[in-house]
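So the structure is just underneath, and the comments pick up after that.
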Amino acid sequence: MQCLINGSLVDFQDGDSVYDVFKRILNESQLKRVLAARMENHKLIDLGMPAEEGKSYEPIFLDTEEGLEILRHSASHVLAAAVKRLFPDARLGIGPAIENGFYYDFDVKNPFTPEDLTKLEKEMEKITSEKQRFERVVLSKSEARKLFESLGEIYKLELIDEIEDDSITIYKTGDFVDLCRGPHVPHTGYIKAFKLISSAGAYWRGDEKNPMLQRIYGTAFPDRESLNQYLRFLEEAQKRDHRVLGRELELFSFHEEAGPGLVFYHPKGAIVREIIENFIKDECKKRGYQPLVTPHVLKGDLWRISGHSDYYRDNMFYLEIDEKEYAVKPMNCPGHILVYKSKPRSYKEMPLRFYELGTVYRYERSGVLHGLLRVRGFTQDDAHIFCTPDQIEEEVENILDFSFYVLNSFGFDDFSVNLSTRPEKFVGSLEIWEKAEGALRKALEDKGIEYKIDPGEGVFYGPKIDIKLKDVLNREWQATTIQVDFNIPERFDLVYWGADNQHHRPVMIHRAIMGSIERFMGALIEHYGGAFPAWIAPVQVAVLPIADRHFDYASKVYQELSSRGFRVELDVRPESINKKIRNHQKMKVPYMLVIGDREAENGSVAVRHRKEGDLGPFSLEDFIEMLNKEVKERLIR
């Protein structure tokens, strides 16, 4: 008997497993790293599956993306087995692999504690040392129901009822049984480097109407060194958590009594936000954009015409006014369209570029809200460009240049770019979609920008380009979105007078450079760990008199800096100079000017930088010149 391994014919005996076949062509080192196999139909299977005549197989190795996913999914089963050993009354939810790790949901009487996680890790180590085999068993639907009924696993029964096939696979490891499609590693001994990270509440299947379960997050890697490297990354990421820094640096807060997902900017946070907004406004004006301000609440009819009521209703807030339906805007598009329609338009006006820092509101489940990154109320640096069909490519290229300029200016220089194509639910014809996707693809290729296709991830009214910035820890953050839309102009019957004195349909390009101010600010905080460059920092300079006798000169320094437009604080608290320095260091102020006897006598300042430490004495004018250069050139120091 023969089968294909990586395209080569290999002989095997009746009853041989896929692993037995791999043993004939892989060396010892490769065999230690192979976890599963991919069949010719791209289906992933366990190594223990019987080899079949004429079939094609490809080994899946531990250090590949698919191998890591299998390893982590298997680790989630080991976690569940450990929980059932230590908490026999726990009922199982689901336990998938996720990016950089895995989780498993459990219905338990009390939330898991850090001490519980430590005990569970030790129990997982026992299970992995036992090298229990992952045994795949196929049952009928009725047999599976009977099994999980006997185990009291009500959540598994719910999942079984939704499976259309009559045959169902389960996996056994020792005494533990779980409902799963697989595949898994051959035995638990393959899972050598893992760590339980945290636990949190999570609604069953993400629905607030369902019971609250306890979710344990963990991670697993091929080896201990990779795991330790990831744990160091997590430690650094934790230091940069914008939610923690937002509180410590007095930038923003959330208040349960006001409602979840609604941001309150404190004075320092409002300053940073204002800097971001003023920057984007100035750059829009330079590029021929015209500002708009549109209402926050619009009649429901507008959202029906735009298609949002059909495709986006679950994410919108509706209310009734004078017995008519209104909606709080989730997007700015209809408002900009009404301004476009307010008078006849000519091809001579094209392209017509409207922009608005528009605050919008979208319903997000409370379980997915996450600091500034996922909120219910946020402001988009939104723009809509109305243009002729032959202007599309140039406008998209201009937006791409604009985007990279803005992101570079804030210190981001590494990106990934995706072209998101037609989703399952969409408006308009296939012909229009192909035309729109083609325009975006051509603009990217003409600019020489590398990109990946993201199938089915476009919005309902058009395809889009997504630019994700990468921060100092190489994490991706959604930034720019560019969407070409032939559909909404059709739905709102938008027209312009052409050179032939006839009506023509404009094309509408939706674009947001930063995406949302909130998310961009969250990314900015984490990228710099709260230590903003001087041009962004809410406080650029702290003036620190050593003693009361230095207050007069310190006040003059403060006044001079303030009059020059710098953001400066004068610290007159009756604290030691070391304590003042520590405080402003903690608040990540770029520069501290220490004022003592020598400085007061000489009319100088002793300059201290938050990272570089003591820079020595400067004349006030020399310091101002240095800081002014740093701010104007947006230097990162």
Side-chain angles (χ1 to χ4, degrees), residues 239-253 263-279 372 409-411 517 520-546 550-551 553-595 599 605-615 618 620-637:
K239 292 177 186 175
R240 293 170 179 267
D241 190 326
H242 75 280
R243 295 167 298 176
V244 175
L245 290 171
R247 181 178 64 253
E248 292 178 349
L249 302 180
E250 301 173 6
L251 300 174
F252 62 87
S253 61
V263 190
F264 288 76
Y265 290 93
H266 296 209
K268 290 176 181 176
I271 289 170
V272 174
R273 180 184 168 120
E274 185 177 50
I275 291 165
I276 295 170
E277 291 184 345
N278 288 343
F279 178 92
L372 296 178
S409 296
F410 282 92
I517 300 298
F520 186 78
M521 191 164 159
L524 205 62
I525 292 169
E526 298 212 5
H527 182 60
Y528 290 111
F532 299 115
W535 74 278
I536 304 173
V539 178
Q540 296 167 315
V541 185
V543 180
L544 313 179
I546 294 176
H550 308 128
F551 285 174
Y553 177 62
S555 296
K556 290 178 183 178
V557 171
Y558 167 82
Q559 291 294 341
E560 183 62 26
L561 289 167
S562 185
S563 68
R564 301 282 191 105
F566 296 112
R567 298 181 293 277
V568 57
E569 282 185 353
L570 175 61
D571 190 342
V572 295
R573 295 173 304 154
E575 304 282 0
S576 70
I577 191 63
N578 287 336
K579 191 167 185 179
K580 288 180 180 182
I581 290 171
R582 283 196 303 272
N583 177 70
H584 291 283
Q585 190 83 26
K586 184 179 178 183
M587 296 303 289
K588 304 185 188 294
V589 177
Y591 288 99
M592 288 154 273
L593 305 185
V594 178
I595 307 296
E599 290 74 30
V605 290
V607 181
R608 185 177 185 85
H609 189 267
R610 68 183 168 207
K611 291 181 182 177
E612 299 170 28
D614 188 5
L615 301 183
F618 279 65
L620 182 56
E621 203 56 45
D622 284 348
F623 172 74
I624 289 173
E625 184 180 345
M626 179 184 74
L627 181 57
N628 204 39
K629 176 181 171 66
E630 192 171 326
V631 170
K632 282 190 173 181
E633 296 182 10
R634 302 191 188 99
L635 301 178
I636 297 170
R637 183 174 181 177

Using the side-chain contact (heavy atoms from CB on, under 4.5 Å) rule, take Leu251 and Leu245 through it: C-alpha gap first, then chi angles, then the decisive distance, then the call. CA-CA 8 Å; Leu251 300 174; Leu245 290 171; 5.6 Å; no
For Glu599 and His550: C-alpha separation, side-chain torsions, deciding distance, then whether side-chain contact (heavy atoms from CB on, under 4.5 Å) applies. CA-CA 9 Å; Glu599 290 74 30; His550 308 128; over 6 Å; no
Step by step, work out the side-chain contact (heavy atoms from CB on, under 4.5 Å) result for Val543 and Glu569. CA-CA 6 Å; Val543 180; Glu569 282 185 353; over 6 Å; no
If you apply the rule side-chain contact (heavy atoms from CB on, under 4.5 Å), what do you find for Val541 with Val589, and how did you get there? CA-CA 6 Å; Val541 185; Val589 177; 5.7 Å; no
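Scanning both residues, Pro538 and Phe532, for their nearest heavy atoms gives CD-CD1, 3.9 Å. Summarising the geometry of Ile636 relative to Pro533, their closest heavy-atom pair is CG1-CG, 4.1 Å, with the distance given to 0.1 Å. For the residue pair Trp535 and Gln540, the shortest heavy atom distance occurs at CA-NE2, 4.1 Å. In terms of heavy-atom proximity, Lys611 sits nearest to Gln585 at N-NE2, 4.4 Å. Closest approach of Pro590 to Ala534, counting heavy atoms only: CG-CA, 4.0 Å. Residues Leu372 and Gly522 come closest through the heavy atom pair CD1-N, 3.8 Å.
Taking the six-membered ring where the residue is Trp, Phe410 and Phe279 present perpendicular rings, their angle passing 60° and hence far from 30°.
Side-chain atoms of Arg610 never come within 3.5 Å of backbone atoms of Lys586 as a donor-acceptor pair (strictly under, hydrogens ignored). Panel note: side chain Lys580, backbone Ile546; no donor-acceptor pair is recorded below 3.5 Å. Checking side-chain atoms of Arg608 against main-chain N and O of Ile581 turns up no donor-acceptor pair under 3.5 Å. No donor-acceptor distance shorter than 3.5 angstrom exists from the side chain of Glu630 to the backbone of Leu635, with no hydrogens or angles considered. Between the side chain of His584 and the backbone N or O of Met592 there is no donor-acceptor pair closer than 3.5 Å.
Checked against the 6.0 Å centroid threshold, His609 and Tyr591 count as a close aromatic pair.
The NZ atom of Lys268 sits 4.5 Å away from atom CD of Glu250, with the distance rounded to the nearest 0.5 Å. Atom CG of Leu570 and atom CD of Gln559 lie 9.0 Å apart (nearest 0.5 Å). Here the CD1-CD distance, from Ile276 to Glu274, works out to 11.0 Å after rounding to the nearest 0.5 Å. Taken to the nearest 0.5 Å, the NZ atom of Lys579 stands 14.0 Å off from the CG atom of Leu544.
Enclosure of atom NZ in Lys556 is not indicated, since only 12 or fewer non-hydrogen atoms of other residues, nucleotides or ligands lie within 6.0 angstrom. Counting non-hydrogen atoms of other residues, nucleotides and ligands closer than 6.0 Å to CD of Glu575 gives a total above 12.
Side-chain contact between Val539 and Arg567: absent, with no pair of heavy atoms (C-beta onward) separated by less than 4.5 Å. No side-chain heavy atom of Phe566 sits less than 4.5 Å from a side-chain heavy atom of Tyr558. At least one side-chain heavy atom of Ile517 sits under 4.5 Å from a side-chain heavy atom of Arg273. Leu593 places a side-chain heavy atom less than 4.5 Å from the side chain of Leu561. The side-chain heavy atoms of Leu249 and Lys588, taken from C-beta on, include a pair separated by under 4.5 Å. Ile525 places none of its side-chain heavy atoms less than 4.5 Å from the side chain of Val272.
Electrostatic pairing of Arg564 and Glu621 counts as a salt bridge here, judged by a charged N lying under 4.0 Å from a carboxylate O. Between Glu612 and Arg637 there is a salt bridge, with a side-chain nitrogen of the basic residue lying less than 4.0 Å from a carboxylate oxygen of the acidic one.
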